[in-house]
*Asks:* 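Structure provided below as structure tokens; questions to follow.
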Amino acid sequence: MIEIIAISTLIIAISMAFLCIKLVFRKDGRFSSQHIHDSRAMRERGIHCVMDQDCEQRRKSRLAVNEING
């Protein structure tokens, strides 16, 4: 039982060390954004985040309702 806990703790510690390498050795010390809207390649292809798509559709439907009522 103790061996399993020790091995698990060692694996977690090594994983955390590998994750921290990028933070320690970079100037700005941050991870790059993983959001779709922050990716230039995705924007060039016209691919948007689901939150952006939802906001856009709500705006379009609100404009359509205003055109019908007004």
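The shown structure was predicted, so the numbers you read here are calculated from the model rather than taken from an experiment.
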*Asks:* Only counting residues at least two apart or in another chain, list the ones meeting side chain to side chain contact (heavy atoms under 4.5 Å, CB included) with A41.
*Replies:* S39, R45

*Asks:* Could you list the residues that satisfy side chain to side chain contact (heavy atoms under 4.5 Å, CB included) with I7, not counting sequence neighbours?
*Replies:*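 Scan of I7 (side chain to side chain contact (heavy atoms under 4.5 Å, CB included), adjacent residues dropped) gives I11.
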
*Asks:* Go through the structure and list residues passing side chain to side chain contact (heavy atoms under 4.5 Å, CB included) with M1, not counting sequence neighbours.
*Replies:* I5

*Asks:* Mind checking salt bridge (charged side-chain N to carboxylate O under 4.0 Å, His left out) for D54 and listing every partner two or more places apart, or none if nothing turns up?
*Replies:*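 Counting only residues at least two positions away or on another chain, D54 forms a salt bridge (charged side-chain N to carboxylate O under 4.0 Å, His left out) with R58.
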
*Asks:* Test of understanding: with side chain to side chain contact (heavy atoms under 4.5 Å, CB included), list the residues that count as partners of I12, not counting sequence neighbours.
*Replies:*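 Scan of I12 (side chain to side chain contact (heavy atoms under 4.5 Å, CB included), adjacent residues dropped) gives M16.
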
*Asks:* Taking CD1 in I4 as the centre, count heavy atoms belonging to other residues, nucleotides or ligands within less than 6.0 Å. Is the count above 12?
*Replies:* no

